[in-house]
K.L.:
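The structure that follows is given in the form of structure tokens.
All chains are named by letter (A, B, ...) in the order of the sequence lines, taking the proteins before the strands, and each is independently numbered beginning at 1. The figures here come from the full heavy-atom set of this structure, side chains too, leaving out hydrogens, waters and symmetry mates.
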There are 2 protein chains.
Amino acid sequence: MPERTDPYLQIGEVAERTGVTQRTLRFYEEKGLLKPPSRMDGGFRLYSEADVKRVTQIRRLQDLLGVALADIKEMVDAEEMLRELRAQYDPESGISEKRRQLEKAIEVVEAQYKIVQQKMEHLHEMKSQLEERLKTFERWSGELERLEDKAPVAGA
Amino acid sequence: MPERTDPYLQIGEVAERTGVTQRTLRFYEEKGLLKPPSRMDGGFRLYSEADVKRVTQIRRLQDLLGVALADIKEMVDAEEMLRELRAQYDPESGISEKRRQLEKAIEVVEAQYKIVQQKMEHLHEMKSQLEERLKTFERWSGELERLEDKAPVAGA
DNA sequence: GGCAGGTCTAACGCCTACGTCAAGGTTATA
DNA sequence: TATAACCTTGACGTAGGCGTTAGACCTGCC
């Protein structure tokens, strides 16, 4: 009788593994970014590995794209729809419903894609500029060195 | 007698041209992100073109790097030091002082550079993943279409 | 010199994304 | 069965980044 369902995790472990606080996990749940996890009899939250992934995903979107949690909710909601789409893969019910969901998902992902692209372009520009500046600095540094050789520091 | 100094701008124009509010401009000044601009006799702020550039620079750092204004202050402070370095380009006074300033500037710019690089790497990953997903969506879309052909929508 | 429209400072407000108690219930282990 | 370690739900607090309002002042123009 193997209790092989999933190695469920308590909130503390999830917090440790994801690097966020327990408060943040409850907060995300409150805001609908994480679906309410299952519970032990006593009320303790039990998270799955999928939840852990979801959290790291959220953090990446926050950090990389710098978008608000409300927008991130849109994105993860779309993901959730996709899970459902993939799960109920019976071609029986609601094909047009599925099409609508799929189109919504495409929309969201494409929006995300555009943000990523724009960011990358702008970052590329910025990178070039920074490289320019670093080169300038090296030149200056060389010039300063020559000046120091000619006129050694006072007190030396 | 040409009054050719600089076409100085009032706060409203700067706000319009940079896309930030007047409040934001005063706020940045308060926080040391913008040096106190000159004033008209009556007290109205008079900004230069350099100030406009500074503002757009600040916004880019905010938007692209997502760093706090305090950190941005460090960056723009370094820039200011460089202006000074470039301005007083007499090799007379304080060579070692200049070296220190230059090294500080290099430090700041390199830090910024690393942030940019990391962001770009992560964004690149994310981009690949998004492309994968879009391909998957296209496949699904095709499958759905075939299903719809076989079993036309109810009500048609 | 009077009016419209722009600007000034000061001060309080607000939203986001959590931090930080407090008081009490749960679980595992000895 | 008791005790340490963990978790629960409130509820208030906070930091950053401005928004908004009030009341007064300036500027340009007729």
Side-chain angles (χ1 to χ4, degrees), chain A residues 3 7-48 51-52 54-77 115, chain B residues 3 7-48 51-52 54-77 115:
Chain A
E3 24 89 47
Y8 276 98
L9 305 162
Q10 286 186 211
I11 195 169
E13 296 187 57
V14 176
E16 208 170 327
R17 285 183 43 185
T18 59
V20 308
T21 66
Q22 304 186 9
R23 175 69 173 95
T24 298
L25 292 172
R26 298 196 189 100
F27 180 70
Y28 286 172
E29 183 183 339
E30 208 178 301
K31 290 293 173 184
L33 289 164
L34 293 176
K35 57 178 203 289
S38 51
R39 303 268 188 154
M40 294 172 67
D41 287 2
F44 285 23
R45 285 173 177 79
L46 286 178
Y47 293 96
S48 67
D51 290 323
V52 173
R54 176 66 48 99
V55 173
T56 61
Q57 169 77 351
I58 293 172
R59 295 255 94 171
R60 286 222 332 247
L61 289 171
Q62 257 191 298
D63 186 39
L64 286 181
L65 302 193
V67 297
L69 287 186
D71 297 340
I72 295 181
K73 178 167 161 49
E74 271 238 318
M75 300 176 185
V76 299
D77 281 356
I115 296 179
Chain B
E3 24 89 46
Y8 278 96
L9 307 162
Q10 287 186 211
I11 195 169
E13 296 189 57
V14 176
E16 207 169 328
R17 285 182 44 184
T18 59
V20 308
T21 66
Q22 304 187 9
R23 175 67 173 97
T24 298
L25 292 172
R26 298 194 190 101
F27 179 70
Y28 286 172
E29 183 184 337
E30 208 178 300
K31 291 293 174 185
L33 289 165
L34 293 175
K35 56 178 205 288
S38 50
R39 304 266 189 153
M40 295 171 66
D41 287 1
F44 285 23
R45 287 172 177 79
L46 286 179
Y47 293 95
S48 68
D51 289 323
V52 174
R54 175 67 47 98
V55 173
T56 59
Q57 169 78 349
I58 292 172
R59 296 256 94 172
R60 284 220 334 245
L61 289 171
Q62 259 192 298
D63 185 39
L64 286 181
L65 302 193
V67 297
L69 288 185
D71 297 340
I72 295 181
K73 177 169 160 48
E74 272 238 317
M75 300 176 185
V76 299
D77 281 356
I115 297 178

K.L.:
For atom CD of E74(A), is the number of surrounding heavy atoms from other residues, nucleotides or ligands below 6.0 Å larger than 12?
P.N.:
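Atom CD in E74(A) is not packed in, count stays at 12 or less.
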K.L.:
May I ask you to verify if any side-chain N or O of Q10(A) is less than 4.0 angstrom from the OP1 or OP2 atom of dC7(D)?
P.N.:
yes
K.L.:
By nearest nucleotide on DNA chain C, pick out whichever of F44(A) and F27(A) is the more 5' one.
P.N.:
F27(A)
K.L.:
How many whole angstroms separate atom CG of L33(A) from atom C1' of dC18(C)?
P.N.:
13 Å
K.L.:
What is the distance, to the nearest angstrom, from the CZ atom on R26(A) to the P atom on dT20(C)?
P.N.:
14 Å
K.L.:
To the nearest angstrom, how far is Q62(A) atom CD from dT16(C) atom C1'?
P.N.:
10 Å
K.L.:
Can you measure K31(B) atom NZ to dG16(D) atom P for me and round it to whole angstrom units?
P.N.:
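My rounded result for the distance is 7 Å.
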K.L.:
Grab the CG-P distance between D41(A) and dT27(C) for me, whole Å please.
P.N.:
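That distance rounds to 7 Å.
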K.L.:
Can you find a pair of side-chain heavy atoms, one from R54(A) and one from I58(A), that are under 4.5 Å apart?
P.N.:
yes
K.L.:
Closest nucleotide of DNA chain C for M40(A) versus for Q22(B): which of these residues is on the 5' side?
P.N.:
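The answer here is Q22(B).
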K.L.:
Between Q62(B) and R59(B), do the side chains contain a donor N or O and an acceptor N or O under 3.5 Å apart?
P.N.:
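Judged by distance alone, the side chains do pair up.
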K.L.:
Starting at CG of L46(B) and ending at C1' of dC26(D), how long is that distance when rounded to a whole Å?
P.N.:
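Taking CG of L46(B) and C1' of dC26(D), I get 12 Å after rounding.
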K.L.:
Starting at CD of E30(A) and ending at P of dA11(D), how long is that distance when rounded to a whole Å?
P.N.:
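Taking atom P of dA11(D) as the reference, CD of E30(A) is at 12 Å.
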K.L.:
Does dC18(C) have its OP1 or OP2 closer than 4.0 Å to a side-chain nitrogen or oxygen of T21(A)?
P.N.:
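Answer is no, no contact under 4.0 Å.
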K.L.:
Can you tell if the side chain of R39(B) reaches within under 4.5 Å of the side chain of R45(B), non-hydrogen atoms only?
P.N.:
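Contact flag for R39(B)/R45(B) side chains = yes.
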K.L.:
Run the side chain to side chain contact (heavy atoms under 4.5 Å, CB included) test on D51(B) and K35(B) for me, step by step, so that the C-alpha distance in whole Å, both residues' side-chain angles and the decisive distance to 0.1 Å come before the verdict.
P.N.:
CA-CA 8 Å; D51(B) 289 323; K35(B) 56 178 205 288; 3.8 Å; yes
K.L.:
Using only modelled atom types and a 3.5 angstrom limit, is any donor from either the side chain of R23(B) or the base of dT20(D) paired with an acceptor on the other?
P.N.:
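Indeed, a donor on one side and an acceptor on the other fall under 3.5 Å apart.
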K.L.:
Tell me whether the OP1 or OP2 atom of dC18(C) has a side-chain N or O from Y28(A) closer than 4.0 Å.
P.N.:
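For dC18(C), OP1/OP2 do have a side-chain N/O of Y28(A) under 4.0 Å.
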K.L.:
Counting only side-chain N and O atoms of T24(A), is one of them less than 4.0 Å from OP1 or OP2 of dA17(C)?
P.N.:
no
K.L.:
Is any side-chain nitrogen or oxygen of R45(B) closer than 4.0 Å to OP1 or OP2 of dT7(C)?
P.N.:
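For dT7(C), neither OP1 nor OP2 has a side-chain N or O of R45(B) closer than 4.0 Å.
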K.L.:
Tell me whether the OP1 or OP2 atom of dG17(D) has a side-chain N or O from R59(B) closer than 4.0 Å.
P.N.:
no
K.L.:
Whole Å only: how far is the NZ atom of K73(A) from the C1' atom of dC18(C)?
P.N.:
18 Å
